Structure formats: structure tokens, C-alpha cells
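Take a look at the structure below.
In this text the structure is predicted, and so the values were computed from the model without any measurement.
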Amino acid sequence: MNVLEQTEETLKQEIKAAVLGAKLATEEELPAVALDKPKDKSHGDFASNIAMQLARIAKKAPRQIADDIVANLDQSKASIEKVEIAGPGFINFFMKNDFLGEIIPTILEAKEEYGKTDAGKGKSVQVEFVSVNPTGDLHLGHARGAAFGDVLCNVLDAAGYKVEREYYINDAGNQIGNLGLSVEARYLQALGQDVEMPEDGYHGQAIIDIANALVTEYGDEWAEKDKEERIEFFKEYGLKASLANIEKDLEEFGVHFDNWFSERSLYHDDKITDALETLKKGNHIYEQDGATWFKTTDLGDDKDRVLIKKDGSYTYFTPDIAYHKDKLDRGFDKIINVWGADHHGYIPRMRAAIQALGYPAEKMEVKIIQMVNLFEGGEKVRMSKRTGKAVSLRDLMEEVGVDATRYTFITRSNDSQLDFDMDLAKSQTNENPVYYVQYAHARICTMLEQAKNKGFDIEGAYDVSRLTAEKEVDLLKKLGEFPKMIAEAAEMETPHKVTQYVYNLATLLHSFYNAEKVLDQDNQEQTSARIALMKAVRITIENALQLIGVSAPEKM
RNA sequence: GUCCCAGUAGCUCAGCAGGAUAGAGCAACAGCCUUCUAAGCUGUGGGUCGCAGGUUCGAAUCCUGCCUGGGACGCCA
């Protein structure tokens, strides 16, 4: 627990004691004491709405209750400077700023560990994300999902959860057959033959590249062979090549998976028959029209779903149930699926499956990533699956860069659609928030460099009580919030809070920088205190950027 | 027709585990570089929080209905 949280906790205890002391409510009646940070500084450091909440219980006017509470408050214990009652009955607490003095030593001590907490209490969470079919490149939408999933994992990890990142490889369905046919067509085209792409073929550049690689490696050897044998070979070759591409792109994007789970393994390990058996035992299965059905309507879905088609093959759903059973059987406290918006309709049936498998529905959580609209030159770019014309993750990394791409994706809530403006993301101007934050970091680095050159002792003793200027106090308070912000982002699964936080911190830094001079030969004490502050800000910015997966440059 | 997401400043979006005068960036306007990086700072203007009800001491936030935009509703994956 850091200083700020400790202060808050003590204050809560004192308020509770005061309420009980004033006999406004019994222990059982007392609602949880909540403190929030007022937006307006004139409302103090913390505000409590407890008086309003007690109005009904105590049968008194909120302001009267607030008076009673304040009268019973032992102000010495919680390092309170001043208490005010305001508005309809808010109690505003102004804290003695001495508690802020702890923040800098805490940060300088913790370094890259600053921000981490045990808020998650070691609970295990598995996050499955990206999981793109291995049939081509990752496009814009996948990139958003990748960034979101990865940063969510970073945040969960920092907040004390045990996190596992997993990619589910759909290497067993029809799409792999189509992949084989697509590679074949491209291969024969590369050899100059006039063949058409299959109906549900994959038109992306990635397949053309794979076909070209085949030509380079085998020449026209495969054109001569038996068609069936050829397609079988191309299937496996295409699968391997696609996966390698995907993994390479993701690694370059800074996304690393702990586990790549193959759908095929579910067949080999009899996991699918096991899962079906479990459903059958629970009486969730029936036969109709020559197919096997899962009665998901019993569990909140709006229609029943086929598991085994008339032709005897499984639907996509069936191995996916087995996959989820496998995940749950592995004993995670929670599994999170990050899905594209086009899959949201799939949630009720999966939730039904979770329950039919004997798990509580809440074990699985689905985060839906809304669509990304691409803008270039002020125009919305139309993507076409058929022609394969789409902006890929690779394009983004090459044209925009990893930092700006990741940052941009994490600025918005996952359930808002996102306009991705290529020109803006590429621009190295003040319109682009990622540079604004990185600039703050680089600025501090330059200052510290200068301090060294000018002979200041940047490792020496400092007296934090010298930091009393308004902008210094603002910075200190913001720095103190960092661990709590991470814990909140983890609990609410809202990684975009991190970009918001670090942007605000950068704003305070820039503002401070313009108002105050750090290095002052005539004021050594103030200088050492400010150097320590700058170091703490730098560490916090770097840690925040680290969570987002964005670099913290020392020079720009 | 059913379901999901969104609707907040001119634009893009935060805020939505109910709280005080609704925020940020961009755009607009006016200032700040002989001084640690001007990719920066300071200030001004800008709002029926889609609409209508309801719950509440209190609603952008919760509930219901409607409107608009996007998406999903396969024995495809």
C-alpha cells in the first residue's frame, strides 16, 4: 500500500469512527465510506458524501449530519489540515501536504517497480486475444485487438494478477482448406497459368508472398504433381508460413504470447468428444433433422445451436466449446476473451456452453473491440475482403511506427469505434499525443543530463519539503495516484486509463517546466529537491509507457 | 423482427461501481523563445450530455420507451 492509499484508508477509518461516535448509524447500517478526489481543488484533497447517504438512516438533514461527523472527528489522527462542509452536505478534507513527501523516496526506491500493487491478490487470469485465422495478414482491427489485449495483460500483471496470454490457432476448419486452394491458385498464377482464385479464397498479399516463396523453393515441381497431394502440401505449408508471419509481426509489435493453442490438438487429444460427453451428461443435447443440437436456449441463448452437422462434421462452435472447457479445466480464476465486434453475437451461446460445462457464467468475460475506421487524406478508406485491399499491421508498423500505433489504439475505450487517421498518426507534430508524452520524458532526460554537466549532484540528498510550489504539489499528487490508477484500470479492464493518466502527467510536467526553473546555481537545496522530483516523474512516465508498450526516448 | 455498441463543444473522444460549476485534444482567437528541448506553455470563446418519461436528496451516469449511426443474427469460421 502506498502513502496515498494509506492516508485515504486512515481517513476512512476516522470517518467511520466519527459516524459511530455521533450515533448517526449502527455498524450494520453504515454504508461503505467512499472518498473521492474532487475535480475542483477548492473542494479539498478528498471529499465524502457520507452525510447524504446517511440522511435517510439518521433521519436528519445532510448538513446537520455532516456537522455531527466533523464534531466527532479526531483530526489529529488522519493528518487533516482542515475540514469544510459544503454544498448539499459534502465533507471536504484538506490534508497536510507532508504526506506527499513520502512519494518521491518511494518512487526512487522502487524504480521500474513503481506502480505495481498486489490489488489482484495473485488471482490467475488468462487472456486470449488476436487469434486470427492463419490465412493471411493481420489487419487494422486485429492490430487494435492485439494492442488492447497486450496492454490489458500488462496492466493486470502490474496490479498483481497472474496473467497468461494465449493465442488460439484455428488450424482445423474449412478455412485451412480454402487456404490450401488459395495458395495453389497463387502458385499456379506465379508460374504463368491462367487460374482463378477459389470462391472463398484469401486474396491478401500474404498468400501471394507465400506462393512466390514456393516457386523460389520448388520451381514448377508442384504443378506436375497430383492435385490432392499438392493441395495437402500447400495447406500445411501455407499454415506454417502464415503462422510464422503472424508471430513475427506480433513480436515486432511488442506482443508476445505465452501459449499458442492449436485447435487440431483438441481432435488429437479427444477433447472434443470429452466436451460433447459432458454436455450429453448434462442433458443439453438432442438430435433433430439428422444433426446434433445443443440446447443453448435453456441457458439464455435465443436459439439452439448445431454441434454436429448432417454431414457428420463439427460446426465451428463445437471445438470452441472443447477449447473453453480446456481453458477452464486449467483452473484459471477468470478467462478473458478479446473478440472483434463482429463476434459479439457469439457471446450468449458461449456463455451457455460455459454453464453447461459446469462453470459459473462469470468465469468467462468477453471484451469486444469495436471497429476501426481508417482515414487517409481526410477520406474514409474502404476495406475489401474480396480484393484483399486492407491496411495490415505490417503497413502500420512501417508507415506509422509501433509507438504511435499502439498509443493511438489505447487512447480510446474498447467499446467505442475508433477513427484511425493515418496522417495524424504519422505526423510528428503537436497533434499527435504520443510525442507529447515522449517529449516530456525526453525533456527530463535532457535536464538531468544538463544537471550532470553543470556539476549538480543528481544522486545526492534532497529535502522534499522544499517542493511547495503549486505545480510541484500537483505533480506529487499525480505521481502518488499511479498505483491506484493501475489497480483501477486492471479491475475495470480499461487500459485506456493509462494513456489518459500519462498524458495528464505529461501536461503537469510541461506546465511545471515552463513555470519553474529546475537547475539553479544560486539555490542548491531547491535544485536537489527538484532534480529528485524530475527523476520521479521520469520513472513514472517510463513505467506508464512501458505498460502501453511505447518507448521512452531520452532525446527527441 | 431480436440482440450488442455508440450518440457529450465545430471535429475526435474521456467522464457513466449516481455527487458540487460536465472535461481533454484538435480546430478558432490573443499572448510567451538572449534563459534546463516552442514536438512546449498561458489565456479566451465554445454544451438542451440524441429525445421523452421514471427512480433518487441528487442523473451525462441507473431503469423504460423512442430516434439516429455502426455491427451481429448460418448445419460459415
Side-chain angles (χ1 to χ4, degrees), chain A residues 32 34 36 38-40 42-43 47-49 51-53 55-56 61-62 86-90 92 133 135 170 172-176 178 200 263 288-293 301-303 305-317 319-320 340-348 368-371 373 375 411-419 421 424 427-440 442-451 453-454 488 491-492 494 496-497 499-500 503-504 506-507 509-520 527 530 534 555-556:
Chain A
D36 58 22
K39 288 170 239 165
D40 188 333
S42 70
H43 294 144
S48 174
N49 62 354
M52 277 110 81
Q53 292 188 310
R56 190 176 304 166
F90 289 101
N92 294 332
N133 287 346
T135 55
N170 292 116
N174 291 342
Q175 75 278 4
I176 297 302
N178 283 330
D200 297 315
E263 182 185 354
Q288 193 180 304
D289 304 328
T292 303
W293 294 71
D301 197 6
D302 55 4
K303 55 181 95 153
R305 309 293 171 177
V306 169
L307 294 177
I308 305 174
K309 296 183 245 178
K310 223 184 312 194
D311 68 4
S313 64
Y314 297 131
T315 60
Y316 175 80
F317 190 29
D320 212 16
D342 52 340
H343 285 81
H344 81 264
Y346 196 71
I347 298 172
I368 290 298
I369 307 298
Q370 286 297 331
M371 282 184 39
N373 296 308
F375 287 81
T411 51
R412 304 290 183 238
S413 154
N414 63 289
D415 47 26
S416 280
Q417 292 191 12
L418 184 135
D419 289 348
D421 186 330
L424 177 61
S427 77
Q428 306 208 351
T429 69
N430 58 353
E431 292 171 37
N432 200 339
V434 66
Y435 296 108
Y436 179 87
V437 176
Q438 290 180 318
Y439 186 53
R443 253 188 167 167
I444 297 174
C445 290
T446 308
M447 275 189 273
L448 295 175
E449 186 65 27
Q450 286 282 332
N453 294 342
K454 289 181 179 171
E488 205 176 289
E491 195 186 333
M492 297 173 70
T494 49
H496 68 279
K497 283 197 187 304
T499 47
Q500 245 146 42
Y503 190 91
N504 291 334
T507 299
L509 183 276
H510 287 310
S511 178
F512 164 79
Y513 179 92
N514 276 275
E516 313 283 352
K517 194 153 168 66
V518 174
L519 306 177
D520 183 354
T527 300
R530 286 186 172 169
M534 288 304 101
K555 281 196 168 51
M556 284 177 76

Heavy-atom donor-acceptor pair, [X] side chain to [Y] backbone, under 3.5 Å:
X: Gln175(A); Y: Asn170(A); result: yes
X: Asn414(A); Y: Ile369(A); result: no
X: Ser413(A); Y: Asp415(A); result: yes

Could you tell me the separation between the [atom1] atom of [X] and the [atom2] atom of [N], rounded to a whole number of Å?
X: Arg530(A); N: C36(B); atom1: CZ; atom2: C1'; result: 12 Å
X: Asp419(A); N: C11(B); atom1: CG; atom2: P; result: 12 Å
X: Ile176(A); N: C76(B); atom1: CD1; atom2: C1'; result: 14 Å
X: His43(A); N: U21(B); atom1: NE2; atom2: C1'; result: 8 Å

Hey, does [X] reach any base, or is it just sugar-phosphate, or nothing, if we go heavy atoms under 4.0 Å?
X: Thr292(A); answer: nothing
X: Lys555(A); answer: base
X: Glu491(A); answer: base
X: Ala47(A); answer: base
X: Ala442(A); answer: base
X: Ala86(A); answer: base
X: Thr315(A); answer: sugar-phosphate
X: Glu263(A); answer: nothing
X: Asp320(A); answer: nothing

Toward the 5' end of RNA chain B, which comes first, Gly345(A) or Tyr314(A), by nearest nucleotide? Gly345(A)
5'-most contact on RNA chain B: Met556(A) or Ser48(A), nearest heavy atom basis?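 This one resolves to Ser48(A).
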Can you tell me whether the base of C33(B) sits syn or anti, using the 90° cut around 0 to define syn? syn
Tell me every residue that passes salt bridge (charged side-chain N to carboxylate O under 4.0 Å, His left out) with Glu488(A), counting only those two or more places apart in sequence or in another chain.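 Listed in chain order: nothing, the list is empty.
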Given [options], the nucleotide with the shortest approach to the side chain of [X]:
X: Met371(A); options: C13(B), G70(B), A20(B); answer: G70(B)
X: Trp293(A); options: A77(B), C16(B), C75(B); answer: C75(B)
X: Phe90(A); options: A77(B), G19(B), C41(B); answer: G19(B)
X: His496(A); options: G71(B), A14(B), C75(B); answer: A14(B)
X: Leu519(A); options: C36(B), A20(B), A14(B); answer: C36(B)
X: Lys517(A); options: C75(B), U35(B), C13(B); answer: U35(B)
X: Met447(A); options: C75(B), A20(B), C36(B); answer: C36(B)
X: Tyr503(A); options: A14(B), G25(B), G40(B); answer: G25(B)

Can you tell me how far [atom1] in [N] sits from the matching atom in [M], rounded to whole Å?
N: A6(B); M: U44(B); atom1: C1'; result: 32 Å
N: G7(B); M: A39(B); atom1: P; result: 35 Å
N: C5(B); M: U64(B); atom1: P; result: 12 Å
N: A30(B); M: C66(B); atom1: P; result: 49 Å
N: C11(B); M: U55(B); atom1: P; result: 34 Å
N: A60(B); M: A52(B); atom1: P; result: 13 Å
N: U8(B); M: G47(B); atom1: P; result: 14 Å
N: C29(B); M: U56(B); atom1: C1'; result: 43 Å

Take Phe512(A) and Val518(A), measure what side chain to side chain contact (heavy atoms under 4.5 Å, CB included) needs, and give me the verdict at the end. CA-CA 9 Å; Phe512(A) 164 79; Val518(A) 174; 3.7 Å; yes
If you measure only the distance, is there a donor-acceptor pair under 3.5 Å linking the side chains of Thr507(A) and Tyr436(A)? yes
Can you list the stems that include RNA chain B, where a stem is three or more consecutive Watson-Crick or G-U pairs with distances under 3.5 Å?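 The stems that RNA chain B takes part in, listed by first number, are B:1-7 with B:67-73, B:10-13 with B:23-26, B:28-32 with B:40-44, B:50-54 with B:62-66.
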Close N or O pairs between protein and nucleotides 42-44 of chain B (under 3.5 Å):
residue : atom : partner   : partner atom : Å
U42(B)  : OP1  : Ser511(A) : OG           : 3.0

Identify each atom pair where a protein N or O and an N or O of nucleotides 29-32 of chain B are less than 3.5 Å apart, giving names and distance.
none

For Ile347(A) and Ile368(A), run side chain to side chain contact (heavy atoms under 4.5 Å, CB included): C-alpha distance rounded to whole Å, both residues' side-chain angles, the deciding distance at 0.1 Å, then the answer. CA-CA 10 Å; Ile347(A) 298 172; Ile368(A) 290 298; 4.0 Å; yes
Any side-chain heavy-atom pair from Tyr314(A) and Ile308(A) closer than 4.5 angstrom?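 The answer is yes, as the side chains (C-beta and beyond) meet within the 4.5 Å cut-off.
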Give me, pair by pair, the N or O atoms of the protein and of nucleotides 3-10 of chain B that are less than 3.5 Å apart, along with how far apart they are.
residue : atom : partner   : partner atom : Å
C5(B)   : O2'  : Asp415(A) : O            : 2.4

Whether Tyr346(A) and Phe317(A) hold their rings parallel, tilted or perpendicular, with breakpoints at 30° and 60°: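 Correct class here is perpendicular.
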Check whether any side-chain nitrogen or oxygen of Asn170(A) sits under 4.0 Å from OP1 or OP2 of A77(B), and answer yes or no. no
Are Tyr436(A) and C26(B) close enough that a side-chain N or O sits under 4.0 Å from OP1 or OP2?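 For C26(B), OP1/OP2 do not have a side-chain N/O of Tyr436(A) under 4.0 Å.
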What's touching nucleotides 57-63 of chain B from the protein side, N or O pairs under 3.5 Å?
residue : atom : partner  : partner atom : Å
C57(B)  : OP1  : Arg56(A) : NH2          : 3.3

Provide the closest heavy-atom pair for Ala440(A) versus Ala506(A) in the form atom of the first, atom of the second, distance. CB-CB, 3.8 Å
What heavy-atom pair brings Lys310(A) and Asp289(A) nearest, and what distance separates the two atoms? CG-O, 3.6 Å
Ion pair present between Arg305(A) and Asp302(A), side-chain N to carboxylate O less than 4.0 angstrom?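 Judged by the 4.0 Å cut-off on N to carboxylate O distance, Arg305(A) and Asp302(A) do form a salt bridge.
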Got a donor-acceptor pair under 3.5 Å from the side chain of Asn92(A) to the base of A20(B)? yes
Passes side chain to side chain contact (heavy atoms under 4.5 Å, CB included), Met447(A) versus Arg530(A)? Steps please. CA-CA 11 Å; Met447(A) 275 189 273; Arg530(A) 286 186 172 169; over 6 Å; no
